[in-house]
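Worksheet: one structure, shown below.
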Number of protein chains: 2
Amino acid sequence: MLEPTIGQGLRATGRRMTRTRKAVLALLERTHQPVSASEIFSQLQEADVAIDLVTVYRTVNVLKELGLVVQMDLHQENQSRYELKEGRKHHHHIRCQICGKIVDLLLCPLKKLTKLIEERTQFVVDDHTLEFSGFCPKCQ
Amino acid sequence: MLEPTIGQGLRATGRRMTRTRKAVLALLERTHQPVSASEIFSQLQEADVAIDLVTVYRTVNVLKELGLVVQMDLHQENQSRYELKEGRKHHHHIRCQICGKIVDLLLCPLKKLTKLIEERTQFVVDDHTLEFSGFCPKCQ
DNA sequence: TGTTATTTGCAATAGACTTGCAATAATGCT
DNA sequence: AGCATTATTGCAAGTCTATTGCAAATAACA
Ligand SMILES: [Mn+2]
Ligand SMILES: [Mn+2]
Ligand SMILES: [Zn+2]
Ligand SMILES: [Zn+2]
């Protein structure tokens, strides 16, 4: 239940904690796969929460600005997915090419590589994305 | 000049080597950054090659099916980019968050990790994407 | 409870990409 | 070279995700 802290974060930036933002946050909290805007929309509809798809988009964008949510664009998908950052550490994903199942990979092998890349390219590295894909146990 | 070989690959699948396909292939051959469909379109227009944007899309899709081109969806971009596979080995990219410059990273640190992931997740790993982002020398 | 600024829903819009279809052009055969 | 066949092209229209304008609704705070 991270709602009060987030409420403070919202107010600190002149924003408000609303019924729909609570609903989106609660859904993200109880969801263990990264979800798309349309999935958030339809899952809230099933839960009898009245919300417009536009509001879902605006909400995830606000949560992204506050640093509470990460947006990810997985390969072979045509829509972004969103995952709560709070309480979860940096990690990556693997996606099944058949059924689309997404599983967390609780690892990151890229710390060391970053320095090497900065030396080679003269870039300052700020972020990275890493995603595996293949066939899940059920789809093999 | 890989055109004749590709011509064979096309004919082997009941396809034809056309003026527009030659033009797209030639552009991909001489381009050293991954290019988007609209970039292919406008660059060919500047070179006085008459081609429709739709044809560019259809062409890169055919080349993808033939395994001659890789499609990549980089973070913070809203369009796919395409790169010729022929003669270039598996590698990854870093992208500047300011100017969008993309540089090849001629490395891949993920061979070993694949086995570990297969053991942990029971997936069969087939592919991966890796991308760094940051600030290029000019934009720092 | 009343005031004010933020947020919401609805409609319209933007932008990447795809699809239907008739006209065009590449291929293979004579 | 000429012809028949069939893939390919261009144009228009459509699809899908995501964004924007604006008036109505509502959260924040006294
Ligand atoms: Mn995750
Ligand atoms: Mn490259
Ligand atoms: Zn990582
Ligand atoms: Zn790799």
Side-chain angles (χ1 to χ4, degrees), chain A residues 3-4 6-25 27 34-45 48-66 68-82 100, chain B residues 3-4 6-25 27 34-45 48-66 68-82 100:
Chain A
E3 193 191 293
I6 291 179
Q8 291 166 21
L10 285 168
R11 245 159 283 138
T13 57
R15 282 182 258 245
R16 296 169 184 182
M17 175 56 83
T18 64
R19 189 184 55 79
T20 55
R21 283 176 183 168
K22 279 179 192 164
V24 172
L25 277 165
L27 175 64
V35 285
S36 67
S38 57
E39 284 171 352
I40 294 171
F41 174 67
S42 56
Q43 286 180 34
L44 287 181
Q45 285 208 308
D48 282 312
V49 176
I51 189 172
D52 194 273
L53 179 58
V54 175
T55 305
V56 175
Y57 278 110
R58 286 197 269 232
T59 301
V60 292
N61 282 335
V62 166
L63 297 177
K64 206 174 56 174
E65 281 171 32
L66 292 176
L68 296 168
V69 151
V70 259
Q71 175 177 4
M72 65 193 76
D73 302 276
L74 300 184
H75 211 59
Q76 296 180 319
E77 299 209 328
N78 51 357
Q79 54 188 26
S80 293
R81 293 184 175 276
Y82 304 88
Chain B
E3 193 191 293
I6 290 178
Q8 290 166 20
L10 285 169
R11 246 160 281 140
T13 58
R15 281 182 259 245
R16 296 168 183 182
M17 175 57 84
T18 65
R19 190 185 53 80
T20 56
R21 283 177 183 167
K22 278 179 193 165
V24 172
L25 277 165
L27 176 64
V35 285
S36 67
S38 57
E39 284 171 350
I40 294 172
F41 174 67
S42 56
Q43 286 180 36
L44 286 182
Q45 284 210 310
D48 282 311
V49 175
I51 188 170
D52 194 272
L53 180 56
V54 175
T55 304
V56 174
Y57 278 110
R58 287 196 268 231
T59 301
V60 291
N61 283 335
V62 167
L63 297 177
K64 206 172 57 176
E65 281 170 34
L66 292 176
L68 297 169
V69 150
V70 258
Q71 175 177 7
M72 64 192 77
D73 302 275
L74 300 183
H75 210 60
Q76 295 179 320
E77 298 209 328
N78 52 357
Q79 54 188 24
S80 293
R81 291 182 175 277
Y82 304 88

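Letters A, B, ... are given to chains in the order of the sequence lines, protein chains preceding strands, and every chain is numbered from 1. Values reported hereafter were calculated over all heavy atoms of this structure, with side chains retained and with hydrogens, waters and symmetry mates removed.
- Contact annotation: B:T55 reaches the phosphate of D:dG10 (side-chain N/O to OP1 or OP2, under 4.0 Å).
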### Task
Could you walk me through whether B:T13 and B:E65 pass side-chain contact (heavy atoms from CB on, under 4.5 Å), step by step?
CA-CA 10 Å; B:T13 58; B:E65 281 170 34; over 6 Å; no
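- Judged by atom type and distance alone, B:R16 reaches the base of D:dT6 through a side-chain donor-acceptor pair under 3.5 Å.
- Rounding to the nearest 0.5 angstrom, the gap separating the OG atom in B:S38 from the CD atom in B:Q45 is 11.0 Å.
- The distance from atom CZ of B:R15 to atom C1' of C:dG28 is 19 Å, rounded to the nearest whole Å.
- Defining each end axis of the helix from C:dT1-D:dA30 to C:dT30-D:dA1 as the rotation carrying four pairs' C1' atoms onto the next four, with five pairs an end, the two axes are found to diverge by 40° to 10 degrees.
- The distance from atom OH of B:Y57 to atom C1' of C:dT18 is 10 Å, rounded to the nearest whole Å.
- Within the 4.5 Å cutoff, the side chain of A:V62 has heavy atoms near those of the A:L10 side chain.
- Within the structure, a side-chain polar atom (N or O) of A:S80 is placed less than 4.0 Å from OP1 or OP2 of D:dA18.
- Comparing D:dA18, C:dT27, D:dA7 by their nearest atom to the side chain of A:Q79 picks out D:dA18.
- Atom CE of A:M72 sits about 11.5 Å away from atom OG of A:S36, to the nearest 0.5 Å.
- A:D73 comes within 4.0 angstrom of nothing in the nucleic acid, heavy atoms only.
- Across all strands shown, B:S38 has no heavy atoms under 4.0 Å from either base or sugar-phosphate atoms.
- Listed pair B:N61 / C:dC17 fails the phosphate criterion, with no side-chain N or O lying under 4.0 Å from OP1 or OP2.
- Taking the side chain of B:T20 as heavy atoms from C-beta on, and the options C:dA11, D:dT9, C:dT27, the nearest nucleotide is D:dT9.
- The backbone N or O of A:R16 lies less than 3.5 Å from a partner atom in the side chain of A:R21, making a donor-acceptor pair.
- Straight-line distance from the CD atom of B:E39 to the P atom of C:dC17: 11 Å, rounded to whole Å.
- Rounded to an integer number of Å, the gap from B:D52 CG to D:dC11 P is 6 Å.
- Residue A:Y82 holds its OH atom at 7.5 Å from CD1 of A:I40, rounded to the nearest 0.5 Å.
- Note that CZ of B:R81 and CD of B:E39 are 4.5 Å apart. Values are rounded to the nearest 0.5 Å.
- The shortest distance between the side-chain N/O atoms of A:N78 and the OP1/OP2 oxygens of C:dA16 is not below 4.0 Å.
- Distance A:L53 CG to D:dT20 C1': 14 Å, rounded to the nearest Å.
- Both B:K64 and A:G14 lie close to DNA chain C; mapped to their nearest nucleotides by heavy-atom distance, the more 5′-ward contact belongs to A:G14.
- Straight-line distance from the CZ atom of B:R58 to the P atom of C:dT19: 10 Å, rounded to whole Å.
- Rounding to whole angstrom units, CG of residue B:L44 and P of D:dT9 are separated by 12 Å.
- Regarding A:R21, its CZ atom lies at a distance of 10 Å from the P atom of D:dA28, rounded to whole Å.
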Below 3.5 Å, can you tabulate the donor-acceptor pairs from side chains in residues 50-61 of chain B to any protein atom, sequence neighbours excluded?
{"residue": "B:D52", "atom": "OD1", "partner": "B:V54", "partner atom": "N", "Å": "2.9"}
{"residue": "B:T59", "atom": "OG1", "partner": "B:T55", "partner atom": "O", "Å": "2.7"}
{"residue": "B:N61", "atom": "ND2", "partner": "B:Y57", "partner atom": "O", "Å": "3.3"}

